[in-house]
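Before any comments, here is the structure.
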Amino acid sequence: MTFLDQPDDARTPALRAAAIRLAVFDVDGVMTDGRLYLGPDGAETKTMHIRDGLGLKRLAGAGVEIAVISGRPSPPVAARLAGLGVAEVHMACDDKAAKLAELRQARALRADQIAVMGDDLPDLEIMRSAGLALTVADAVPEIRRVAHWVSAAPGGHGAVREACELIIAAREAP
């Protein structure tokens, strides 16, 4: 039984954030606004907020490992994340729970040392298994109900930066 199984666990998001050693992010709807721009050749274009990139670098600098688990393939997103120094990038992942379990086991982490930020139903299971479930302001209601913390910004508009700053501040608090 993890502490998440205890319905009376009333720890604040900041207390949960202080224990985080691995932060896992979804891409579409979290790092992007969730919209796809489709070109005449079928190519997809997405946008990412520059402040989120700095947030990820700052979080890594604070000693928190970063991983990305996305259900969709996107070589440009993978390249952007590589440029930010994110080594654990798993695109086109059909089983996010299995990938998270693999990452957790490889690092011998407890559930309360993992944060997951998602926005839609494919993220629900991994958010429930994390010590800190984060979401964006425009997440679907099912995700908002399980989240310990909701950003003020919608996905793709600085929400990742807010989450990074939450964890950094909690880790630096006395």
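No hydrogens, no waters, no symmetry mates; every other heavy atom, side chains included, goes into these values.
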A170 to A17 - nearest heavy-atom pair and separation: CB-CB, 3.5 Å
Evaluate whether atom CZ of R51 has more than 12 neighbouring non-hydrogen atoms of other residues, nucleotides or ligands under 6.0 angstrom away. no
Within a strict 4.5 Å, meaning less than it, do heavy atoms of the S70 and M91 side chains meet? yes
Tell me whether the count of non-hydrogen atoms from other residues, nucleotides or ligands lying under 6.0 Å of CD in E88 goes above 12. yes
Do S74 and K46 have side chains that approach each other closer than 4.5 Å (heavy atoms only, starting at C-beta)? yes
M31 pairs by side-chain contact (heavy atoms from CB on, under 4.5 Å) with which of V136, D119, V77, L56? L56
May I ask you to decide whether R35 forms a salt bridge with D28, counting only side-chain N to carboxylate O separations under 4.0 Å? no
Neighbour count above 12 (heavy atom, 6.0 Å) for L38 CG: yes
Any non-hydrogen side-chain atom of I69 less than 4.5 Å from a side-chain atom of L100? yes
Just so I know, are the side chains of T32 and V27 near enough to count as touching, which here means a heavy-atom distance under 4.5 Å? yes
Electrostatic pair E65:R21 at N-O distance under 4.0 angstrom: no
Hydrophobic clustering (ILVMFWY, side-chain heavy atoms < 4.5 Å, transitive) - are I126 and L121 grouped together? yes
Remaining members of hydrophobic cluster (4.5 Å side-chain criterion), V150: none
Below 4.0 angstrom, N of the basic side chain to O of the carboxylate: do E125 and R128 qualify? no
